[in-house]
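Everything on this sheet refers to the single structure shown next.
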Amino acid sequence: MDKRLLTIQDISCVGQCSLTVALPVISACGIETAVLPSSVLSTHTAGFSGYTFRDLTDDMEKILAHWKKENIKFDAFYTGYVSKSQIPIILKIMDETAAPGALRIVDPVMADNGKLYPGFDSDFPSEMAKLCKGADVILPNITEASFLLGIPYPGDNLEKQDYDREYIEKMLKDLYELGANNVVLTGVSFKKDQLGCACYDGKNIEYYFNKRINKSMHGTGDVYASSFAGGLLRGLSVPKAAALGADFVIKSMEATMDDESHWYGVKFEKALPYLIKRLEEK
Ligand code: PXL
């Protein structure tokens with residue numbers, strides 16, 4: 001049977017992130033994608049100023065009530081950028097609209113480069129930890145992992161990176177203890193010229209590395225999580241879906257690199273044919 005996924009995250013009208021990435025990417029993976037917008041912003045918050053923000057918390061309970069009346073169920077959930085007050089409602093939505101065996105993929109979107117995004121206060125990470133508990137997969141970057149665990153940020157870029165393999169492996173185990181079945185930690189690097197991810201399922205740790213592209217680009221976390229979710233629902237294992245996500249991010253970055261004027265996101269659209277082809281090959 002074909003699977004239906006519900007993704008819960010914001011609509012940034014312009015900026016190539018969140019729903020404007022998740023909907024096309026997961027659809028391109030051949031998976032029906034339903035959406036629950038958590039908020040509507042005129043743009044994302046990383047680099048634009050004066051953006052509008054409309055929170056949609058009040059609509060969520062009403063939407064849930066209608067879905068329950070219509071007996072609508074989902075085979076998977078993928079959550080991204082949400083507000084603190086929405087987390088208990090999202091947990092309720094996942095409990096009440098799950099098809100048997102439904103997967104929970106939680107990207108704890110809240111921070112990067114050692115800092116929380118604008119609008120997230122210091123209580124947010126402990127609330128996000130509640131969403132991670134009971135997830136099938138969580139996909140934090142190293143900054144988000146540090147906030148979830150309440151530990152100092154060890155750095156995750158070329159300027160500052162004070163961690164080694166032992167540190168990352170302890171981090172994976174501590175994240176697993178939050179109550180997720182699989183941890184995929186992104187932005188991991190042990191050598192200057194490589195960057196990748198680390199997967200932990202409570203038993204084994206698997207790494208996947210690509211050649212590092214020496215440029216930080218917005219929206220890559222959402223491109224990663226969306227292609228990961230699509231790959232997982234198409235039947236890939238967690239490490240295989242994690243590798244697919246990493247490769248798709250690289251292709252999207254490569255498609256963007258030569259265009260200096262394109263500062264706000266990555267041209268993932270250009271890499272969609274690659275993603276589709278990879279899923280056909282599997
Ligand atoms: O890419 C994560 C993200 C999602 N949504 C909004 C954002 C960001 C990152 O800055 O601002 C609104």
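Sequence positions, counted from 1, serve as the residue numbers for this chain. Each ligand, and each atom within it, is numbered from 1 in the order the structure gives. Just so it is clear, the values below take in all heavy atoms, side chains as well, and ignore hydrogens, waters and symmetry mates.
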Counting from 1 in the order shown, the ligand 1 atoms closer than 4.0 Å to a non-hydrogen atom of A46 are 10 (O)
Quick one: does ligand 1 sit under 4.0 Å from the side chain of L41, the backbone, both or neither, non-hydrogen atoms only?
side chain
Under 3.5 Å: N/O of T43 near N/O of ligand 1
no
So which heavy atom in the protein is nearest atom 9 (C) of ligand 1, and how far is it from that ligand atom?
Y117 CZ, 3.7 Å
Is there a polar contact between ligand 1 and T45, counting only N or O atoms under 3.5 Å apart?
yes
Exercise: identify the closest heavy-atom pair between L139 and A225:
CD1-CB, 3.8 Å
What do you reckon, are the aromatic ring centroids of F124 and Y117 less than 6.0 Å apart?
no
Closest non-hydrogen protein atom to atom 5 (N) of ligand 1, residue and atom name please, with distance?
D10 OD1, 2.8 Å
Can L103 and D75 be said to form a side chain to side chain contact (heavy atoms under 4.5 Å, CB included), step by step?
CA-CA 6 Å; L103 282 175; D75 303 296; over 6 Å; no
Ion pair E280/K277, N-O distance below 4.0 Å:
no
Has ligand 1 got any nitrogen or oxygen that is less than 3.5 angstrom from a nitrogen or oxygen of Y81?
no
Report the residue from L5, D2, T33 that forms a side chain to side chain contact (heavy atoms under 4.5 Å, CB included) with L233.
L5
Under the ring pair (Phe, Tyr, Trp, His ring centres under 6.0 Å) criterion, do Y51 and F53 qualify, and how do the steps go?
CA-CA 7 Å; Y51 45 82; F53 180 88; 8.0 Å; no
Shortest non-hydrogen contact from R104 toward D95:
NH2-OD1, 2.8 Å
Atoms in ligand 1 with a heavy atom of S12 nearer than 4.0 Å
6 (C), 12 (C)
If we only consider heavy atoms of G221, is any one of them less than 4.0 Å away from an atom in ligand 1?
no
Closest protein heavy atom to atom 2 (C) of ligand 1, given as residue, atom name and distance to 0.1 Å:
D222 OD2, 3.4 Å
